[in-house]
2 protein chains.
Amino acid sequence: MSTPRELARVRTLAEIRRLAWEHLEQHGAAALSLRAIARELGIVSSAIYRYVPSRDDLLTLLITEGYRDLADDVERALADLPGGEAAPGRVQWLTASHALRSWAIRRPAAWSLLYGSPVPGYSAPPQETTPEGTRVVLRLGAILSAALARGEVAAVVGPLSGGPALPTALAAELRVIGGDVEGGLDEDVAPAAVAQVIAGWTALLGAVSSEVFGQLGRDPLGEPEVFARVQLATIADAVGLRDLERAP
Amino acid sequence: MSTPRELARVRTLAEIRRLAWEHLEQHGAAALSLRAIARELGIVSSAIYRYVPSRDDLLTLLITEGYRDLADDVERALADLPGGEAAPGRVQWLTASHALRSWAIRRPAAWSLLYGSPVPGYSAPPQETTPEGTRVVLRLGAILSAALARGEVAAVVGPLSGGPALPTALAAELRVIGGDVEGGLDEDVAPAAVAQVIAGWTALLGAVSSEVFGQLGRDPLGEPEVFARVQLATIADAVGLRDLERAP
DNA sequence: TGCCCAATGTGAGCAGTGCTCTTGCGCACC
DNA sequence: GGTGCGCAAGAGCACTGCTCACATTGGGCA
């Protein structure tokens with residue numbers, strides 16, 4: 001292994017991915033063109049199929065790479081947090097939220113690819129994208145579970161008290177994570193907590209997507225950073241994460 | 001006016017819109033093909049340009065039509081509400097939320113067109129889409145404003161107390177609506193309320209989009225209706241709308 | 001060192017797309 | 001009853017994904 005040919009091959013493949021991202025950032029997912037990539041690579045259009053089986057496979061490649069990069073970013077931000085896992089749950093959640101948002105702002109096309117409307121005629125193969133794609137949600141779930149176990153979460157509100165059972169694969173995974181945490185999650189509280197995490201997650205997706213996609217009008221607010229901070233803090237509130245410094 | 005020719009023209013245009021929606025529902029926005037529509041219309045491909053200037057103009061047409069249909073749906077649901085404007089704010093908000101969601105479930109491609117990632121190379125002309133596109137948010141803002149004036153909204157939480165000013169066109173519009181309501185909104189509370197509405201709105205977008213786009217895995221929960229109800233109720237909670245029957 | 005064959009690059013070609021242009025037909029109006 | 005305008009037809013351009021037969025070339029083995 002690592003013969004010159006294989007080395008050249010991975011180099012070419014990396015260059016293809018780089019050009020593909022460049023194209024994606026400029027022209028959007030649906031306009032991703034293998035021919036254009038081949039052209040910029042200085043190669044005839046058909047030769048690209050020596051490296052990438054099809055356009056859809058390239059998309060899958062980019063999607064998993066995007067998920068991985070995003071999750072790495074979030075986990076890096078959490079690792080840089082003073083106190084680490086011992087930091088207050090709300091601080092961890094907000095750190096992850098802001099890492100999520102700034103990644104999306106930095107790479108709007110990538111965000112669009114991961115969390116925008118699905119590319120027509122293409123659906124990502126779950127067995128390849130799911131592992132990387134669920135890392136962030138699961139991390140958020142772990143954060144909330146830990147905070148819950150430490151009593152940092154306000155009482156679950158409204159319709160969720162004694163809420164309905166939510167049997168789902170994601171819920172199961174989240175409950176597993178909850179089980180790993182000191183104290184774990186007893187049966188009464190777990191379904192509601194799972195619902196809270198998912199609700200917070202979809203709210204995060206909505207807030208970030210609205211900003212990235214310009215859904216609130218182009219440059220809706222004079223102060224995007226301030227507004228984003230308010231939005232993300234509101235979501236942290238909605239999830240029940242108490243601000244330990246303000247309200248003891 | 002209404003000569004036979006003009007009549008035939010509007011009939012053909014309506015048929016084009018119908019076929020376009022059909023195509024959209026089946027193949028997605030980016031795959032919308034004028035040639036295919038012309039083919040199904042029994043017309044040669046170039047003839048379609050007598051009716052629709054370009055593919056992008058057809059998209060604009062569909063987008064405004066979609067916004068209008070959605071807003072009409074929401075307002076119809078609110079009009080059918082027993083009590084009408086006098087109904088509790090939370091009931092009105094939840095009614096609008098569920099109308100929004102079921103419209104999205106019923107017309108996923110339309111939802112994707114309106115609130116998904118923007119179609120690359122195309123951006124909707126704001127002067128044509130904005131009026132219809134903001135009807136639902138503004139309605140939600142009016143509902144929250146009214147509820148606020150009637151004291152049905154829980155104290156604004158966390159970081160929003162005395163929150164930062166949010167000077168924006170949307171905020172201005174929302175404040176105008178608030179001014180129409182009995183009692184109006186005084187300066188202290190308005191910015192926070194505006195932030196609440198926008199936060200609730202983006203959360204709604206996120207929740208609905210996650211469900212429509214299958215972001216939580218395909219068929220994530222065994223009981224989609226139950227889960228949606230919990231999600232939407234959580235958002236109503238987050239916005240601060242109190243459940244008058246449960247917690248007086 | 002030299003040779004073989006697999007890995008890679010080439011170019012033509014098929015079917016599809018959006019869009020433009022010229023040509024000619026037929027209907028509606030005067 | 002003419003006739004001018006609205007409309008359809010068809011060819012054509014440039015682009016896409018993808019396939020296939022063929023040419024080239026360079027790495028690894030004898």
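Reminder, nothing fancy here: chain letters follow the sequence lines and each chain counts from 1. Computed from heavy atoms alone, side chains included, the values below leave out hydrogens, waters and symmetry copies.
For A/Y51 and C/dG9, the shortest distance from a side-chain N or O to OP1 or OP2 is below 4.0 Å.
Computed from coordinates, the B/I48 CD1 to D/dA9 C1' distance equals 14 Å when rounded to whole Å. Between the CG atom of A/L58 and the C1' atom of D/dT16 there is a distance of 15 Å, given to the nearest Å. Here D/dG17 presents its C1' atom at 13 Å from CZ of A/R39, a figure rounded to the nearest Å. Between A/I43 atom CD1 and C/dA7 atom P the separation is 17 Å, expressed in whole Å. Taking atom CD of residue A/E40 and atom P of nucleotide D/dC15, one finds them 14 Å apart after rounding to whole Å. In this structure, the CD1 atom of B/I37 is 13 Å from the C1' atom of C/dT17, given to the nearest Å. Here the P atom of nucleotide C/dT8 and the CG atom of A/L41 are 13 Å apart, to the nearest Å.
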- Task: Indicate for each nucleotide in nucleotides 18-25 of chain C, in 5' to 3' sequence, whether protein heavy atoms under 4.0 Å reach the base (B), only the sugar-phosphate (S), or nothing (-).
- Result: BBBB----

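Sequence neighbours left out, the pairs with a member in residues 16-34 of chain B that pass salt bridge (charged side-chain N to carboxylate O under 4.0 Å, His left out) are B/E15-B/R18, B/R17-B/E65, B/R18-B/E22, B/E25-B/R107. The stretch residues 36-45 of chain A participates, sequence neighbours left out, in no side chain to side chain donor-acceptor pair (under 3.5 Å) pair at all. Residue pairs meeting the salt bridge (charged side-chain N to carboxylate O under 4.0 Å, His left out) criterion with at least one member in residues 122-132 of chain B, sequence neighbours excluded: B/R68-B/E132, B/E132-B/R135.
The two atoms that bring A/I235 and A/G200 nearest to each other are CG2-O, 3.8 Å, heavy atoms only.
In this structure, the salt bridge (charged side-chain N to carboxylate O under 4.0 Å, His left out) partners of B/R106, at least two apart in sequence or on a different chain, are B/D73. B/I63 meets the side chain to side chain contact (heavy atoms under 4.5 Å, CB included) test with B/Y67, B/L113, B/L114, B/Y122, B/A124, B/T129; sequence neighbours excluded.
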